[in-house]
There are 2 protein chains.
Amino acid sequence: MTSTLGFAILAVLAKGARTGYDLTAAMSRPLGYFWTARHSQIHTDLQKLLADGLVRFEAEHGPGPQGKKVYHLTPEGRVALREWVTEPARARPERDELVLKTYASWLADPAEVAELFRDQLALHEERIAEYERQQAGFQTVPATGEPAFGSYATLWCGLSYERHRAAWCRWMIEQLGAGA
Amino acid sequence: MTSTLGFAILAVLAKGARTGYDLTAAMSRPLGYFWTARHSQIHTDLQKLLADGLVRFEAEHGPGPQGKKVYHLTPEGRVALREWVTEPARARPERDELVLKTYASWLADPAEVAELFRDQLALHEERIAEYERQQAGFQTVPATGEPAFGSYATLWCGLSYERHRAAWCRWMIEQLGAGA
DNA sequence: TGCCGCATGTAACGTGTTACATGATTCC
DNA sequence: GGAATCATGTAACACGTTACATGCGGCA
């Protein structure tokens with residue numbers, strides 16, 4: 001059974017052949033802001049995909065003791081990815097440390113908690129600016145059949161998420177100030 | 001080193017003494033919508049907290065082969081929790097299967113992808129209704145020093161999140177319809 | 001020659017899920 | 001007497017992170 005990370009790898013490879021190293025770069029922040037992985041995990045998962053016949057590689061002469069392996073999708077890999085896309089997504093349990101801290105925030109000094117939220121707010125505002133810059137790079141919304149549609153749609157989601165989060169931080173800061 | 005789950009347990013116990021079973025119920029959906037755990041994990045973590053002197057229990061006669069253990073915070077546990085609250089939250093990597101599917105959605109049939117988002121939208125709308133009902137239960141916003149403030153603030157966050165998510169689903173459905 | 005970026009891989013550990021295992025109490 | 005709920009615990013496995021390990025190619 002292919003793991004979700006496996007499909008994430010296939011999704012990136014669907015846009016073009018890449019080495020494990022390139023995949024790692026693509027799946028690190030800020031590029032891969034919805035599924036991240038370390039190179040160690042990517043390499044081991046590539047070996048599983050290889051065994052399942054979903055990817056293959058061309059060995060190339062390059063740096064490192066083992067040279068360079070440029071992975072690409074097999075037709076089976078492309079089919080598996082396409083079928084996975086429309087299957088219902090398994091809900092992952094929400095685990096949010098900041099929300100948990102909020103739940104216990106009544107125990108702490110409101111001014112110190114507000115400090116925490118001011119830091120978070122600054123972070124979200126930075127990301128909003130970054131995402132807006134990226135969004136401005138698109139002249140129009142790409143059509144649903146174009147590879148760029150995936151990038152645009154995830155960017156829209158990320159931007160919406162950061163705005164929601166920023167609004168929550170502002171509300172918290174306001175509450176914590178008023179209660180002091 | 002106390003794990004995040006450990007602090008989640010302390011945060012629930014800060015509101016009153018509970019058994020492992022009660023904690024499991026409190027940390028399952030929909031109550032614990034920001035940190036969930038299974039009973040197996042909670043029991044093993046309680047044993048660590050016990051070893052660290054952050055919780056203690058009163059043995060009571062009750063059901064089960066081992067009877068009943070009602071856990072409560074020790075003064076050290078309360079201090080540890082309060083100190084943890086104002087420490088900066090470690091960012092967990094975002095891992096969102098639906099967003100990943102969206103990234104690869106250009107490969108699939110738009111009508112089938114739209115189906116996926118209609119299902120998701122229905123789910124979010126249900127949660128919004130549920131959270132709004134819970135919010136209506138509060139006459140006023142609790143003061144920051146009251147235990148209820150934590151519940152209200154997390155509810156606010158959850159509601160805001162579900163609305164953002166619903167808006168994204170609606171946008172996706174619109175795009176997928178227009179492109180067909 | 002020395003450092004940085006490219007490139008691949010393994011091992012140990014921590015966290016979380018699923019399944020296994022047991023048995024008392026309560027209500028019908 | 002039987003079933004549902006309350007109640008605690010262990011073991012095997014999956015997933016993810018951190019650290020360990022190696023070494024080529026290009027540039028200064």
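A, B, ... follow the sequence lines: proteins, then strands. Residue 1 opens every chain.
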Checking all strands, does [X] fall into the base, sugar-phosphate, or nothing category for heavy-atom contacts under 4.0 angstrom?
| X | value |
| --- | --- |
| A:T24 | nothing |
| A:R95 | sugar-phosphate |
| A:D45 | nothing |

Next on the checklist: I need the minimum non-hydrogen distance between A:L116 and B:P88, along with the two atoms involved.
Outcome noted: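 In this case the closest contact between A:L116 and B:P88 is CD1-CA, 3.6 Å.
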Checklist entry - How close do B:M27 and B:I42 get, heavy atom to heavy atom, and via which atoms? => result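 For B:M27 versus B:I42, the nearest heavy atoms are SD-CD1, 4.2 Å.
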Item to check | Along DNA chain C (nearest heavy atom to each residue), the more 5'-positioned of A:S40 and B:W35 | outcome: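 Looking at the nearest nucleotide for each, A:S40 comes out on the 5' side.
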Length of the [atom1]-[atom2] vector between [X] and [N], whole Å:
| X | N | atom1 | atom2 | value |
| --- | --- | --- | --- | --- |
| A:R92 | D:dA14 | CZ | C1' | 11 Å |
| A:R18 | C:dC6 | CZ | P | 15 Å |
| A:H39 | C:dA7 | NE2 | C1' | 9 Å |
| A:H61 | C:dA7 | NE2 | P | 12 Å |
| A:Q47 | C:dG9 | CD | P | 6 Å |
| B:F7 | C:dT15 | CZ | P | 12 Å |
| A:Q41 | C:dG14 | CD | P | 17 Å |
| A:D22 | C:dG5 | CG | P | 16 Å |

From the options [options], select the nucleotide whose nearest atom is closest to the side chain of [X].
| X | options | answer |
| --- | --- | --- |
| A:P65 | D:dT10, D:dA7, D:dT22 | D:dT22 |
| A:Y21 | C:dA7, D:dT17, C:dG9 | C:dA7 |
| A:H43 | C:dA7, C:dT25, C:dT8 | C:dT8 |
| B:L5 | C:dG16, D:dC24, C:dA7 | C:dG16 |
| A:P63 | D:dA7, D:dC24, C:dG9 | D:dC24 |

Item to check | Cluster overlap A:L123 with A:Y161, hydrophobic side-chain contacts below 4.5 Å | outcome: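 No, separate clusters.
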Checklist entry - Which residue lies toward the 5' end of DNA chain D, B:K69 or A:A37, if each is placed at its nearest nucleotide? => result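 Nearer the 5' end of the strand: B:K69.
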Checklist entry - For DNA chain D, whose closest nucleotide is more 5', that of A:T4 or that of B:T19? => result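 That would be B:T19.
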Checklist entry - Would you call A:R170 and A:E125 a salt bridge, taking side-chain N to carboxylate O under 4.0 Å as the test? => result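 Yes.
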Next on the checklist: What I want to find out is whether A:R92 reaches B:E97 closely enough, with some N-O distance under 4.0 Å, to be called a salt bridge.
Outcome noted: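 Result for this pair is no, no salt bridge flagged.
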